[in-house]
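What's counted below: heavy atoms across the whole structure, side chains too, no hydrogens, waters or symmetry copies. We number each residue from 1, following the sequence as shown.
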Amino acid sequence: MAALTLTDWNTFLNARVQQENGNHASALAAFDQLLLTYPDNEHLQISRAFALQSLGQGNQAGATLVGLKYAQLGQSLSGPADSPSAWTSNLNAIIGDIGTGNFAAEASALVAW
């Protein structure tokens with residue numbers, strides 16, 4: 001994961017301040033812009049999901065979290081940990097969470113860090 005530059009950290013932290021002040025649309029725009037450069041940044045992904053949920057877009061927030069969970073899964077199941085049974089088990093867990101709405105619920109409980 002590429003490290004944010006000092007300028008980008010400034011943008012991110014200002015967007016977080018906007019979020020804390022209830023300006024989720026402006027924060028979302030900043031997160032989306034930063035994600036063009038840092039698509040794998042978990043802070044940005046989680047903050048984006050929080051903004052989406054706050055804007056009433058729970059389904060899209062949940063989809064963001066599913067994507068993040070899948071990326072984490074890909075990292076953890078590489079190399080020696082890569083096995084069909086591990087993938088199947090974890091993918092079925094994600095599918096189950098989608099079916100029960102757990103990712104949308106998780107998005108609504110997010111605290112962006």
Side-chain angles (χ1 to χ4, degrees):
M1 175 172 27
L4 274 70
T5 66
L6 189 57
T7 299
D8 291 335
W9 269 112
N10 186 57
T11 300
F12 172 72
L13 295 174
N14 276 299
R16 285 289 297 117
V17 168
Q18 292 175 30
Q19 251 184 333
E20 293 298 327
N21 289 325
N23 191 351
H24 300 287
S26 180
L28 178 60
F31 300 141
D32 283 342
Q33 187 63 40
L34 288 168
L35 281 164
L36 294 173
T37 304
Y38 309 101
D40 299 327
N41 187 290
E42 291 183 23
H43 297 295
L44 295 172
Q45 293 284 352
I46 291 169
S47 296
R48 181 178 188 275
F50 180 73
L52 288 166
Q53 180 64 36
S54 298
L55 292 167
Q57 298 175 38
N59 202 28
Q60 193 173 356
T64 296
L65 295 176
V66 169
L68 182 57
K69 184 73 167 180
Y70 186 80
Q72 292 168 341
L73 188 60
Q75 291 174 348
S76 69
L77 294 181
S78 63
D82 187 0
S83 75
S85 63
W87 273 103
T88 302
S89 172
N90 283 283
L91 292 173
N92 280 325
I94 294 172
I95 290 167
D97 286 342
I98 292 170
T100 60
N102 284 348
F103 279 108
E106 184 178 335
S108 66
L110 281 176
V111 176
W113 297 104

ILVMFWY network linking Leu55 to Leu34, side-chain heavy atoms under 4.5 angstrom: no
CG (Leu6) with more than 12 external heavy atoms under 6.0 Å: no
Side chain Asn41, main chain His43, donor-acceptor under 3.5 Å: yes
Exam field: side chain Thr100 to backbone Gly96, donor-acceptor pair closer than 3.5 Å: yes
Leu91 CG to Ile95 CD1 distance, which is reported to the nearest 0.5 Å: 6.0 Å
Sub-4.5 Å side-chain heavy-atom contact between Ile94 and Ile98: yes
Pair Gln18-Ser26, side-chain hydrogen bond (donor to acceptor under 3.5 Å, both in side chains): steps then yes or no: CA-CA 7 Å; Gln18 292 175 30; Ser26 180; 2.3 Å; yes
For Ser47 against Arg16, the heavy-atom pair lying closest together: OG-CD, 3.6 Å
Side-chain H-bond candidate by donor/acceptor type, Gln45 with Arg48, under 3.5 Å: no
Closest heavy-atom pair and its distance - Ala27, Ala15: CB-O, 3.3 Å
Residue list, side chain to side chain donor-acceptor pair (under 3.5 Å) with Thr11, at least two apart or on another chain: none
Nearest-0.5 Å distance, CD of residue Gln60 to CG of residue Leu65: 11.5 Å
Nearest-0.5 Å distance, CG of residue Leu52 to NE2 of residue His24: 11.0 Å
Side-chain donor/acceptor pairs under 3.5 Å, residues 71-82, sequence neighbours excluded:
| unit_1 | atom_1 | unit_2 | atom_2 | d |
| --- | --- | --- | --- | --- |
| Gln72 | NE2 | Glu42 | OE1 | 3.3 |
| Ser76 | OG | Gln72 | O | 3.4 |
| Ser76 | OG | Leu73 | O | 3.1 |
| Ser78 | OG | Gln75 | O | 3.1 |
| Asp82 | OD1 | Trp87 | NE1 | 3.0 |

Heavy-atom closest contact (Gln19 atom, Ala51 atom, distance): NE2-N, 3.4 Å
Nearest-0.5 Å distance that lies between atom CG in Asn59 and atom OG1 in Thr64: 10.0 Å
Ring geometry between Phe31 and Phe12 (parallel below 30°, tilted from 30 to 60°, perpendicular above 60°): tilted
Listed partners of Asp8 passing side chain to side chain donor-acceptor pair (under 3.5 Å), at least two apart: Thr5, Tyr38
Val17-Phe50 co-clustered via ILVMFWY side chain contacts under 4.5 Å: no
